Peer 1: 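Structure below; questions to follow.
Just so it is clear, the values below take in all heavy atoms, side chains as well, and ignore hydrogens, waters and symmetry mates. What you are looking at is a predicted structure, and each value in this text was computed from that prediction instead of being measured.
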Amino acid sequence: GQSLEQPSEVTAVEGAIVQINCTYQTSGFYGLSWYQQHDGGAPTFLSYNALDGLEETGRFSSFLSRSDSYGYLLLQELQMKDSASYFCAVCMNTGFQKLVFGTGTRLLVSP
Amino acid sequence: DGGITQSPKYLFRKEGQNVTLSCEQNLNHDAMYWYRQDPGQGLRLIYYSQIVNDFQKGDIAEGYSVSREKKESFPLTVTSAQKNPTAFYLCASSKDFSYEQYFGPGTRLTVT
């Protein structure tokens with residue numbers, strides 16, 4: 001089976017940098033995705049790492065290390081609107097390329 | 001504007017009744033998915049469809065059924081066999097790569 005673990009909650013202040021970790025136990029996947037979900041809203045795609053290393057998209061960066069079974073999402077210059085839940089998800093390569101989601105991390109940004 | 005629509009946003013039903021949740025997309029995506037989200041938890045895959053007239057069970061398909069008669073539409077029926085149907089249901093679609101999915105606004109189903 002597959003499992004992805006994330007911290008349940010992270011707090012930070014505006015302007016700060018925060019890292020949300022994702023550790024996984026799974027065999028055979030194409031890559032690691034990250035999604036953002038505001039309360040009561042739809043998840044939106046943020047980034048995808050097919051290869052090890054860092055991917056940067058504006059204020060957000062995502063990292064993957066397959067040898068360490070670990071990834072993270074880095075959010076810089078935090079804004080109040082970044083308060084949301086963040087999910088990592090592995091894209092499986094066993095037959096259909098389904099996404100298996102982590103438990104989610106709730107980020108609270110304070111003034 | 002292209003996107004995914006789900007209706008209704010809130011749905012209330014009595015126990016023992018079947019209920020159908022709507023999902024429509026105009027993104028011209030081939031693949032569509034249904035997920036269930038419970039409070040404080042991640043998304044779990046119920047059913048998925050890669051092409052019209054074909055669909056497959058996901059990880060938690062028991063008590064649910066779907067159809068895919070049109071590319072744009074992928075309705076989900078929550079049957080009375082689903083033991084704990086109260087949840088937030090999300091529909092999604094993707095074009096070429098499953099890792100990038102587009103989600104609808106969701107339907108919050110409450111069964112009492």
Peer 1: Should A/M92 and B/L43 be regarded as members of a common hydrophobic cluster, given that ILVMFWY residues are connected when their side-chain heavy atoms come within less than 4.5 Å of each other, either directly or indirectly?
Peer 2: no
Peer 1: Report the distance from atom OG1 of A/T44 to atom CD of B/E100, rounding to the nearest 0.5 Å.
Peer 2: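 Separation between the atoms: 10.5 Å.
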Peer 1: Can you pull out the residues in residues 102-112 of chain B with any heavy atom less than 4.5 Å from chain A?
Peer 2: B/F103, B/G104, B/P105, B/R108
Peer 1: So which of B/G42, B/S98, B/S94 has the largest heavy-atom pair count under 4.5 angstrom toward chain A?
Peer 2: B/S98
Peer 1: Examine whether an atom of B/F88 lies under 4.5 Å from a heavy atom of chain A, and if so say whether it belongs to the side chain, the backbone or both; otherwise answer neither.
Peer 2: side chain
Peer 1: Tell me, yes or no, whether the heavy-atom count around A/E77 atom CD, taken from other residues, nucleotides or ligands under 6.0 Å, exceeds 12.
Peer 2: no
Peer 1: Given heavy-atom pairs under 4.5 angstrom as the criterion, report whether the side chain, backbone, both or neither of B/Q6 touches chain A.
Peer 2: neither
Peer 1: Linking I/L/V/M/F/W/Y whenever their side-chain heavy atoms sit closer than 4.5 Å, directly or via other members, would A/F60 and A/L78 fall into one cluster?
Peer 2: yes
Peer 1: When only pairs under 4.5 Å are counted, which of A/Y30, A/F45, A/F101 shares the most heavy-atom pairs with chain B?
Peer 2: A/F45
Peer 1: For the side chain of B/Y33 and the backbone of A/K98, is there at least one donor-acceptor N/O pair under 3.5 Å apart?
Peer 2: no
Peer 1: Rounded to the nearest 0.5 Å, how far apart are CD of B/Q41 and OG of A/S8?
Peer 2: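 It is 12.5 Å, given to the nearest 0.5 Å.
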Peer 1: Heavy atom to heavy atom, less than 4.5 Å: which residues from residues 53-83 of chain B reach chain A?
Peer 2: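 Listed by number: B/D59.
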Peer 1: A/Y72, A/Y24: one ILVMFWY side-chain cluster at the under-4.5 Å cut-off?
Peer 2: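 Looking at the clustering, A/Y24 is in a separate group from A/Y72.
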Peer 1: When you group the ILVMFWY residues by side-chain heavy-atom contacts below 4.5 Å and let the links chain together, are A/L54 and A/L73 in the same group?
Peer 2: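 As far as the 4.5 Å side-chain criterion goes, A/L54 and A/L73 are not connected within one cluster.
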Peer 1: Pick from A/C91, A/G31, A/P43, A/G40: which one has the most heavy-atom pairs with chain B under 4.5 Å?
Peer 2: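 Of A/C91, A/G31, A/P43, A/G40, A/P43 has the most heavy-atom pairs under 4.5 Å with chain B.
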Peer 1: Tell me whether B/Y99 is reachable from B/Y48 by hopping between hydrophobic residues (I, L, V, M, F, W, Y) whose side-chain heavy atoms are closer than 4.5 Å.
Peer 2: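 Yes; B/Y99 is reachable from B/Y48 via cluster members.
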Peer 1: Is the CZ atom of A/R106 crowded by more than 12 outside heavy atoms at less than 6.0 Å?
Peer 2: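 Atom CZ in A/R106 is not crowded, with 12 or fewer foreign heavy atoms closer than 6.0 Å.
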Peer 1: Among A/Y48, A/F87, A/Y35, which residue forms the greatest number of heavy-atom pairs with chain B at distances under 4.5 Å?
Peer 2: A/Y48
Peer 1: Given that the side chain runs from C-beta out, which part of A/Q6 has a heavy atom under 4.5 Å from chain B: side chain, backbone, both or neither?
Peer 2: neither
Peer 1: By a 4.5 Å heavy-atom criterion (distance strictly below it), what part of B/L45 contacts chain A: side chain, backbone, both, or neither?
Peer 2: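 Answer is side chain: those atoms of B/L45 sit under 4.5 Å from chain A.
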